[in-house]
Amino acid sequence: MTRRQASSPLDRPLERLLSSREVVIACGPGGVGKTTTAAAIAATMSVRSAAKVLVLTVDPARRLADALGVEGIGNTATLVPAAAFAAAGVRQKGQLWAAMLDTKESWDALVRRHAPDASTAARIFANPIYQNVTGRFAQSHEYIAMERLYEIHAEGAYDLVVVDTPPTRDALDFLDAPGRMADFFGSGLLRWLVAPSRSRLVSLASRPFYQVADRILGTQFLGDVAEFFLLFQSMYDGFVTRARSVGALLGEARTTFMLVTTLETVPSLEATRFAAALAERQLHLGLLVVNKVLPASFADPAAVAVAESLQGDPVGIAGALLAALPDGLAGASRVQVARVLEEVGRSFASVGLVASRQAELLAEMSGAHEVTATVPHLAADVVDLRGLLEIGRHVLDGTGT
Ligand SMILES: Nc1ncnc2c1ncn2[C@@H]1O[C@H](COP(=O)(O)OP(=O)(O)O)[C@@H](O)[C@H]1O
Ligand SMILES: [Mg+2]
């Protein structure tokens, strides 16, 4: 019989959860640390389990991309060398692969797959409307992130895929993106536009609005629109089926969501709404990560009382402090020292206030979620493996149930 050690992964619910899942989707409001946390848990899992882990990042900060070696390589996954982990002081049991989402390349791959032949694909690529749609079409980015995930998952080359999600106006956008894409390509609107194809557009083109549109947008515009829809017509069915499968993957038993947020007002409200939306769609929220949390010691009432007393008699305290300070500072006047003390006291008291509000909100949020992990606000940006592993440790080990 094997004896279970205190530090066994079985005691860490999140590590256990991640070992049993194939897809983790990091989601949440913008700027809260989704990309960082996704990369962090992928890196940490590659150290702790003998798994082949992929992190699919979206717009990582440049220095983080450099650290993962994904700068400028588009959709191709690269192996983060074990030597990089050794340099960060750890030995991996598994492997970490990293890729960056390339929206255009992913759209092109999708077209290549669904186009009836190579020449149709080539004409679609050359069509300016296609170039616009893939670049700017609302939800193109959200959809394609899910599409890439589906593709990678279907290839089955990894034990665990951690996906970062694009910064969206609304964090819910990407959840609905596959459904909307299916609706868009399956909609009567498109079929109406192309049937009886050109003549409909030509008759539209004779109306004053379209004449003006054509003049403004260039004489080619309507022709390009007509060609775009005609060419896409050959791919509708493939697209619709595909978008439905992509949507279904989100709800599979092997997929879980990691909701990342900070305790600031707007992100925390958005995160709460997002959690409700996941529940409504019966999608599995495996983990809530509360990032950039202020240390609880800031809210310690005794410390806050000290901060307040610094503002009470700063000149008196300054005198005592000056006497204790090194000689080099003897040139400072009591008034100068008092000013510094007062400001330090004021700043600490206001950070303390934020920290105690955060503590209340955190208690409320973790009460509502099964698994919550908190990550402290680190002193510096997270730009290398060392930083990622530190975040990963907080997430995986600091988990409370
Ligand atoms: N716990 C943390 N402590 C300090 N800085 C952090 C922490 N988490 C993330 N950051 C920094 O915050 C910034 C935003 O993080 P990022 O992961 O890009 O957010 P998102 O992907 O949600 O937009 C980055 O500069 C990152 O290094
Ligand atoms: Mg990001």
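Numbering of ligands and ligand atoms starts at 1, following listing order. Numbering starts at 1 and runs along the sequence shown.
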Less than 4.0 Å between a side-chain N and a carboxylate O, is that true for [Y] and [X]?
X      : Y      : answer
Arg21  : Asp159 : no
Arg48  : Asp397 : yes
Glu360 : Arg357 : no

Looking at atom 27 (O) of ligand 1, what's its closest protein heavy atom, distance included? Val382 N, 2.9 Å
Suppose we measure from atom 19 (O) of ligand 1 to each protein heavy atom; which comes out shortest, and what is that distance?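 The answer is Gly33 N, 3.0 Å.
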The Mg ion (ligand 2) reached by Thr35 (N, O or S, under 2.8 Å): yes
Regarding Gln95 and Trp97, is there a side-chain donor-to-acceptor distance under 3.5 Å anywhere?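 A pair is found: one side chain offers a donor N or O, the other an acceptor, under 3.5 Å apart.
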Verify the distance criterion only: is there a donor paired with an acceptor across the side chains of Ser46 and Gln92 at less than 3.5 Å?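 Indeed, the side chains of Ser46 and Gln92 share at least one donor-acceptor pair under 3.5 Å.
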Quick one: does [X] get a heavy atom under 4.0 Å from ligand 1?
X      : result
Ala379 : no
Pro60  : no
Ala61  : no

Could you tell me whether Val375 and ligand 1 have an N or O pair separated by under 3.5 Å? no
Best match, [options]: closest heavy atom to [atom]:
atom                    : options                        : result
atom 1 (N) of ligand 1  : Leu378, Val290, Asn291, Asp164 : Asn291
atom 6 (C) of ligand 1  : Lys292, Glu390, His377         : Lys292
atom 26 (C) of ligand 1 : Thr35, Leu388, Thr36           : Thr36

Please identify which of these residues, Thr57, Val260, Thr37, Leu56, meets the side-chain contact (heavy atoms from CB on, under 4.5 Å) condition with Asp164.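 The option that passes is Thr57.
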Of all the atoms in ligand 1, which lie at a distance below 4.0 Å from a heavy atom belonging to Lys34?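 Numbered from 1, ligand 1 contributes 17 (O), 19 (O), 20 (P), 21 (O), 22 (O).
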Separation of Leu385 CG from Leu68 CG (nearest 0.5 Å): 6.5 Å
Hey, can you tell me if Tyr130 and Phe125 have their rings parallel, tilted or perpendicular (30° and 60° cut-offs)?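 If you compare the ring of Tyr130 with that of Phe125, the planes turn out tilted.
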